[in-house]
Every structure is written in structure tokens, then in C-alpha cells.
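Chain naming here is simple, since letters A, B, ... match the order of the sequence lines and numbering starts at 1 in each.
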There are 2 protein chains.
Amino acid sequence: MNKDSLVQFVQRVMPISQLKAEQLAAKFMPMKIERNSYLLKEGKVCHESHFIEKGIVRSYIYDIEGNEVTTAFYTKNTFAADLLSFFKRAPAREYIQAITDCETWFITYEDMQTSFHTIPEFREFGRLNIVNQYGILKERMLSMLQETAEQRYSHLISSSAEIFQDVPLKYIATYLGITDTSLSRIRKEFAKKNTGS
Amino acid sequence: MNKDSLVQFVQRVMPISQLKAEQLAAKFMPMKIERNSYLLKEGKVCHESHFIEKGIVRSYIYDIEGNEVTTAFYTKNTFAADLLSFFKRAPAREYIQAITDCETWFITYEDMQTSFHTIPEFREFGRLNIVNQYGILKERMLSMLQETAEQRYSHLISSSAEIFQDVPLKYIATYLGITDTSLSRIRKEFAKKNTGS
DNA sequence: TTGATTTCTTGCCATTTGCTAAGTGCGAAC
DNA sequence: GTTCGCACTTAGCAAATGGCAAGAAATCAA
């Protein structure tokens, strides 16, 4: 397992030399995570941010009635962490769980703080990463505001088809803000519409 | 107009001495904004971040069908800006408009970058601010995933009653992800339920 | 393999929300 | 004061989604 994809990720986030990008990437350590194991549990402080090299991860919380609600999926070339807990050093409300076996590059909060102080580019990288997460969330917020469940499903399947290979549909349903029953119906309709084409 | 509320805001975001907080606040300049005027228009890069001293601001975009969708309300003691445009120096998709006459303390991107380089506490303040915005958005995302429109309305009215004094209901409706028709019905039901108590 | 468990689908009906259109009320402009 | 425009409400019907329960399919463990 080499760091190419992480280095390339850094370079996509901001303009930076290969050398500098490799310097940033050097601060990350490899980890293998078993299917179903947890990167984070509710009540704990999130100490690590994981760049996913391979595998699928999801985060979820329990709502007031005790139902699981999937808050995010993390796949290849994304960072999995509870940003709020990680940066505010506060207990997490979420669980973060590996859905498949995963390989990640991770950094601890302490190492990141050290790098923030010593490497200006790291600060910029960190800030842009948070901003990008914010952007993703905002995009999703908009889709909740204006789109139907079927449209959200359609977008998800075209942007993240790989999720459907490994993630149980009931998790995808709560991510889309609907019940597994509704998702099942939507899939049926969707398949009908997209068969002929 | 003095900077007390801004100084106090800084101190709520992070533990910091009065003196340091005042140093940070010193970087902000006052501005008066007229009702209905724009802090930002779609296509422009967001150059300023405004701490709202007084007044109400909303941000909105046009969806694919050309309908306005309210993306956020900003009231006293919050920062109004298009984070994505501001930090990525990219054209904004949103409009940000004053709903009432406003008074703000603002900082430009350039001044902020300078302060980031020279004042470590400013970096921390900036980062925590973004993280907090992320947290607010995440909270709202969760409410979209799990709550009914009436529950979202109920929460908004208890957390931000001041919005209802000045903001047309049709803007609040799109913020809640419903039509003004539905909001009207919900308000009727809500009033009925909460009359006796 | 077999049985048990979980996931997914389906049907029925209730509820929520949207769409369209009409009507009401209020304030601004003349 | 009258008229116009805008915001808001209301009504009737259609579409989307949820709740519940039963059954089918897939998965897991022994």
C-alpha cells in the first residue's frame, strides 16, 4: 500500500508541489480496519481522521426514538471522521463503522496540530478540507430541500454506485431520509422507468 | 456601536483572554447595510465575512426550475458569508440579502489571511468558526432526515422567534423545505394545538 | 446443508405534502 | 379614497411517503 492516492488527493485540494504534497502525506500512518469494526463510538472523542484508501465506511446516529440514521458514507479517496468531535475535542454523537474491510491513512489530532503549527500548507489543506466537507453537506442539504426522494436516489446511484454493492439498502434509506419501504418502492419504479432506455 | 458583542462572541468560540479577543475584534470594520440590499450576488466571489450586530440577513439560491430557495438566515451574533466562495475564492451560487437594516462588523478575505499568518489565535478562531457552521448545517440536515415539517417549524419558532417578526413566511417555507401553502396549513394546526396549553 | 436471522419486497391504508386556483387582507402608490 | 400588488390563507384533489404486517429472498452460523 503506497501513498499515491493520498498525495494526489492533496494536490486536488490545493495547488502544491509534488514534494510538498509528499511531505504532508508523510504525516499519515496506515491502518487496516475489519468489516463491522468501529472507528468511533458515540460519547468518545474522535482522535483520528482517516483517508480511505480502500473500503466503505458509514457514520450514523440514533435519533430520539432510537432509530439508526445514517449520516454519511465514506468511500475511496475521502476523509472519514466526526469533524465536530475531532476539532472541538468534544464527545461524538455518531458511530463510525467500517462496512467492508478497509485500508486507511490516518492522522491523530495531536499530530495534526503539530503539523498545523509547523507547516503552513498543512493548515491550508486542513481548512480547505473542512470547507469542502461543508460544501458536500450543503449540497446534500439543498437536495433535501428541493428534490424528491426518487431524485435523491437517482443522484446517489449515479454518483456513488459503488455504495450499492456493499451497503444494505436500509442504511441507504435513512441516508436519503426515507424508510426502507419507500426506498424499495422507489427502486421498483426507477427500474421500470430505466429499463427501456 | 461598540465591539462588545463581537469580543464576547470570540470568547464563546474559544477560551481566550479579553485582551487577545479585543485584538482579534480590532481587525473588523463596521458597516451599515440597508434593507433589501445585497452583501453578495451569485457569480461574485464573496470577499467579506460579516458579524451581524443588528438586523436579519438571508441567503438564497435559485433552483433548476428558477424557484428561490432560502438556504440560511443570519441574525444577531452570527457570521454571514458564503463560506465556500469566501475560502475557495470561487464564484458564489448564492445571494445574500439584508432583510432589515443591518449593522455588521466585517473582515475581508485579504485581511483575514494576513491575520491568519500573524496571529495563531485568529487561525484557531477561523477554524472553529467553520467547524461550528458545519455543525449547524449538520444539525439542520438531521432535522431534514428525521423530522416532519411541523417539527422543523416548531423548532425554528422556539430557537429563532425573532425571524418570524421580519421575514416573509414564504422565505421561511423554502428554508424548511416546504411550500408556503404547506407552511400556512402547519401554522394553522400548530396554533390550534398550542392555544389551550 | 440446514435452520435461524436479517434484509428486502409487497399490499393496504393513513398521513403529509404538493399543485392549482381562488379568495382575503394589507400596505403602497397614485 | 381607490386601485394595485404582494403576502397569506383556504379548498379540493393528486402524488409522495409512512406505518404496519406478511411473505420472499438473501445471508449467516452451526
Report task. Specify the angle, to 10°, made by the local axes at the two ends of the helix from dT1(C)-dA30(D) to dC30(C)-dG1(D) when five pairs are taken at each end. Result -> 50°
Integer-rounded Å distance: [N] [atom2] and [X] [atom1]:
| X | N | atom1 | atom2 | result |
| --- | --- | --- | --- | --- |
| Q151(B) | dT17(C) | CD | C1' | 15 Å |
| L176(B) | dT16(C) | CG | P | 16 Å |
| L145(A) | dG18(C) | CG | C1' | 15 Å |
| D166(A) | dT7(C) | CG | P | 15 Å |
| K170(B) | dG5(D) | NZ | C1' | 11 Å |
| L169(B) | dT24(C) | CG | P | 20 Å |
| D180(B) | dC6(D) | CG | P | 14 Å |
| F190(B) | dT9(D) | CZ | P | 14 Å |

Query raised in the report: What does nucleotides 11-30 of chain D look like as a protein-contact string, B for base, S for sugar-phosphate only, - for none, at under 4.0 angstrom between heavy atoms?
Result: BB----SBBB-------S--
Requested in this report: Indicate if L83(A) and M141(A) have the same hydrophobic cluster label, given that clusters are the connected sets of ILVMFWY residues with side-chain heavy-atom separations under 4.5 angstrom.
Outcome: yes
Query raised in the report: Which pair of non-hydrogen atoms, one from I56(A) and one from D166(A), has the smallest distance, and what is that distance?
Result: CD1-OD2, 3.9 Å
Strictly under 6.0 Å, is that where the ring centroids of [X] and [Y] end up?
| X | Y | answer |
| --- | --- | --- |
| Y175(A) | Y60(A) | no |
| F51(A) | F9(A) | yes |
| F73(B) | Y171(B) | no |

Requested in this report: Measure the spacing between CE of M112(A) and CZ of F106(A) and express it to the nearest 0.5 Å.
Outcome: 14.0 Å
Query raised in the report: Under 3.5 Å, is there a donor-acceptor pair between the side chain of S85(A) and the main chain of P91(A)?
Result: no
Report task. Any ring pair (Phe, Tyr, Trp, His ring centres under 6.0 Å) involving residues 119-141 of chain B? Give me the pairs, sequence neighbours left out, ordered by first then second residue. Result -> F116(B)-F122(B)
Requested in this report: Indicate whether any N or O donor in one side chain lies under 3.5 Å from an N or O acceptor in the other, for T174(B) and E68(B).
Outcome: no
